[in-house]
Amino acid sequence: MKKRLFYTELAYLFGILAIALGTAFMERADFGMSMVVAPAYLTYLKLSQTLPFFTFGMAEYLLQALLLVALGCVLRRFRLSYLFSFVTAVLYGLALDGAMLLMSLLPQTREIWIRCVYYALGIYITTGGVAFLFHTYFMPEAYELFVKEISRHYGLDLYRFKRYYDYTSMAVSVALSFAFFGLGQFRGIHVGTLVSALLNGPLIALHSRILDGYLDFRDGLKLRRFFEGD
């Protein structure tokens, strides 16, 4: 079967939009966010109580900016290309706020089956978006960049360090939930968080196989060397 040409620059845009839409679906389902975005979600829930203009998207790119600063401090150097990771974070944050606005048009319900549909759509779309981003050369969000750069700098196994990073994110989220809302209001992490932790990897791999089977990813612009250089 002949594959269709698909530009990696479009894969970047598709990936950002898909992850934003999927995250908004998961938020609407209210089964818990993924371990990676839970700290930003909890920060948004807390600060928006006193700052109505503060959005989920803002929380995302502000926390990612702090993570990039932490990355520079740990490595004791800062590459110019790291700034483009923040650009990705801002684009994602804007797309997330748009997706959240779109989701507000859907009915808010406690019907389990409807929430399950929202959650299933969310995790499927999100993992598809990640698979698209795997096929582009643009800088990823700070979460992925932090794991990649730290593991490479210290010679750590990438996937093992990613698991430790996810566990740390969950611990931070639990602490933030208790600190922000008290012991009686455990928020942000629920059964959906555990489900996403189990399914994210296999679903991303599945999406990647499908994309590789039908699409021929090629660069439309001559920018790869710039983004992949030091």
Within this structure, what is the [atom1]-[atom2] distance for the pair [X] and [Y], rounded to the nearest 0.5 Å?
| X | Y | atom1 | atom2 | value |
| --- | --- | --- | --- | --- |
| T43 | L63 | OG1 | CG | 4.5 Å |
| Y119 | H190 | OH | NE2 | 11.5 Å |
| I204 | L199 | CD1 | CG | 10.5 Å |
| F54 | L62 | CZ | CG | 5.0 Å |
| M33 | R187 | CE | CZ | 12.5 Å |
| M103 | E27 | CE | CD | 10.0 Å |

Do side-chain atoms of [X] reach the backbone of [Y] as a donor and acceptor pair under 3.5 angstrom?
| X | Y | answer |
| --- | --- | --- |
| S104 | L101 | yes |
| E9 | G220 | yes |
| R218 | L5 | no |
| T88 | M139 | yes |
| T136 | L133 | no |

For residues [X] and [Y], determine if any side-chain heavy atom of one lies less than 4.5 Å from a side-chain heavy atom of the other.
| X | Y | result |
| --- | --- | --- |
| L215 | K3 | no |
| L96 | Y44 | no |
| F6 | D216 | no |
| V87 | F138 | no |
| S85 | L68 | yes |
| F181 | L45 | yes |
| T23 | I19 | yes |
| I16 | E141 | no |

Under a 4.5 Å side-chain heavy-atom rule over Ile, Leu, Val, Met, Phe, Trp and Tyr, are [X] and [Y] clustered together?
| X | Y | answer |
| --- | --- | --- |
| M170 | L198 | no |
| L121 | I112 | no |
| F31 | I114 | no |
| Y61 | V69 | no |
| F86 | V74 | yes |

Tell me the closest heavy-atom pair linking [X] and [Y], and the distance in Å.
| X | Y | value |
| --- | --- | --- |
| G22 | I125 | N-CG2, 3.9 Å |
| L83 | F78 | CD2-CE2, 3.7 Å |
| Y137 | L221 | OH-O, 3.7 Å |
| R224 | T8 | NH2-CG2, 4.1 Å |
| L42 | S173 | CD1-O, 3.2 Å |
| S34 | M26 | N-CE, 4.3 Å |

Applying side-chain contact (heavy atoms from CB on, under 4.5 Å), run through Y143 and E60 and close with a yes or a no.
-> CA-CA 10 Å; Y143 305 127; E60 276 285 0; 2.5 Å; yes
Taking the six-membered ring where the residue is Trp, are the ring centres of F161 and Y154 under 6.0 Å apart?
-> no
For residues Y124 and H207, establish whether the separation of their ring centroids is below 6.0 Å.
-> yes
Does R28 count as lying over the ring of Y118, i.e. NZ or CZ under 6.0 Å from the six-ring centre, within 45 degrees of the axis?
-> no
Does the side-chain contact (heavy atoms from CB on, under 4.5 Å) test come out yes or no for R209 and D212, once each step is laid out?
-> CA-CA 5 Å; R209 288 195 298 270; D212 288 335; 5.8 Å; no
Give a yes or no on this: more than 12 heavy atoms of other residues, nucleotides or ligands lie within 6.0 Å of atom OH of Y167.
-> no
Atom CZ of R77: over 12 foreign heavy atoms under 6.0 Å = yes
Verdict with supporting geometry, F134 and F217, side-chain contact (heavy atoms from CB on, under 4.5 Å) = CA-CA 11 Å; F134 280 173; F217 289 91; over 6 Å; no
List the steps, then state whether side-chain contact (heavy atoms from CB on, under 4.5 Å) holds for L75 with Y82.
-> CA-CA 12 Å; L75 299 183; Y82 290 173; 3.6 Å; yes
